[in-house]
Amino acid sequence: MPDIERYGLSRRWSDIVIYSGVAYWVEVAEDPAAEIEGQTAQILAQIDATLVRIRSDRTALLQVLIYLADLADVGRFNKVWDRWIPEGAAPVRACVQVGLPPPYRVEMVITAARTRN
Amino acid sequence: MPDIERYGLSRRWSDIVIYSGVAYWVEVAEDPAAEIEGQTAQILAQIDATLVRIRSDRTALLQVLIYLADLADVGRFNKVWDRWIPEGAAPVRACVQVGLPPPYRVEMVITAARTRN
Amino acid sequence: MPDIERYGLSRRWSDIVIYSGVAYWVEVAEDPAAEIEGQTAQILAQIDATLVRIRSDRTALLQVLIYLADLADVGRFNKVWDRWIPEGAAPVRACVQVGLPPPYRVEMVITAARTRN
């Protein structure tokens, strides 16, 4: 059997899955009543917390798929994003508009490497 | 050359690609005339068949990106999903609304580990 | 620290990230004034250039997520795609409609193996 690690397991999903040194997870804001800046800041803080939990850090992000409920938010999203991304270690990203359940404004699908055993 | 396995090859796509112990594939219902429950059940049965084919099983799902044509279907989708997901081995998942060609209601992008050589 | 390679780094994203023999990147047409055929042809040429840069080639594509601004473009998209995909080595693909910033008609999220060290 392969060594698959799962964190935050529920009946419906795992919060994080790690396999072969690569971690996969999805984030939405814990408090979606916030506006786009607040939801984005929450998600990035949640990513920081997840990275600590899986023994990694911001410099090990590989790919982030960004789903916005409204592309008109992208400028405000980017202001928060740009301050958070570590210089010289940005991930690949795609940013598109999809339908999210209100009041969610943004959702991210993250792939990252583990940095420590 | 890396050892890339491809199954179900056509001019336009492969049904399954496996590289470095990780399998990638995409599913839509073979009979899209069905409602959301029927399409979901078909896709999950198709995933089971694919997992057998690639020498893996439901406990090795890493990530599933779920595309719904209408987020209003999510409750009915989840009822079928929750019954199928193995307890203690759920994948990471994202579930968003996108445009699918009618009458498709749901599409899934699956990443899974191979469990046997 | 894991050996993560990044190319085309900016404050906001990397153009390409490679980890553990797998490359991740995202493409939109450099000249989005073109119609769907032109944007698709540009992206596929850009993928060829990226594959050379990362010491790989078209036969090593694993997965392509295709985002179209309008699913009505899929027939015209496929004509260009089918001519480009190498016979016997097609990737897995999903093709859905999402919101893209105009005048972009198509965006692709690519996963590929590196073929040479």
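Here is how names work: the chains are called A, B, and so on, in the same order as the sequence lines, proteins then strands, and each is numbered from 1. What you see is a predicted model; the values in this text were computed from it and never measured.
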Original post:
What residue in B:T111, B:V17, B:V28, B:I16 has the most heavy-atom pairs under 4.5 Å with chain C?
Top reply: B:V17
Checking the side chain of [X] only, and the main-chain atoms of [Y] only, is there a donor and an acceptor separated by less than 3.5 Å?
| X | Y | value |
| --- | --- | --- |
| B:R11 | C:D82 | yes |
| B:S14 | C:V92 | no |
| B:R6 | C:G88 | no |

Subject >> B:E5 atom CD: more than 12 heavy-atom contacts under 6.0 Å >> reply: yes
**OP:** State whether the number of non-hydrogen atoms from other residues, nucleotides or ligands found under 6.0 Å of B:E37 atom CD is greater than 12.
**Re:** yes
**OP:** Against chain C, label B:L100 side chain, backbone, both or neither, depending on which of its atoms sit under 4.5 Å from a heavy atom there.
**Re:** both
**OP:** Answer with side chain, backbone, both or neither: which region of B:V109 has an atom nearer than 4.5 Å to a non-hydrogen atom of chain C?
**Re:** side chain
Subject >> Shortest non-hydrogen contact from C:A90 toward B:S10 >> reply: CB-O, 3.9 Å
Subject >> For C:A113 against B:I4, the heavy-atom pair lying closest together >> reply: CB-CD1, 4.0 Å
Anything under 3.5 Å between a donor and an acceptor, one on a side chain of residues 60-75 of chain B, the other on a protein residue two or more places apart or in another chain? List them.
{"from": "B:D70", "atom 1": "OD1", "to": "B:A72", "atom 2": "N", "distance (Å)": "2.9"}
{"from": "B:D73", "atom 1": "OD2", "to": "B:R105", "atom 2": "NE", "distance (Å)": "3.1"}
{"from": "B:D73", "atom 1": "OD2", "to": "B:R105", "atom 2": "NH2", "distance (Å)": "2.8"}

Original post:
Counting heavy-atom pairs under 4.5 Å to chain B, which of C:V98, C:N78, C:N117 comes out on top?
Top reply: C:N78
**OP:** Sort C:R93 into side chain, backbone, both or neither according to what part of it lies under 4.5 angstrom from a heavy atom of chain B.
**Re:** both
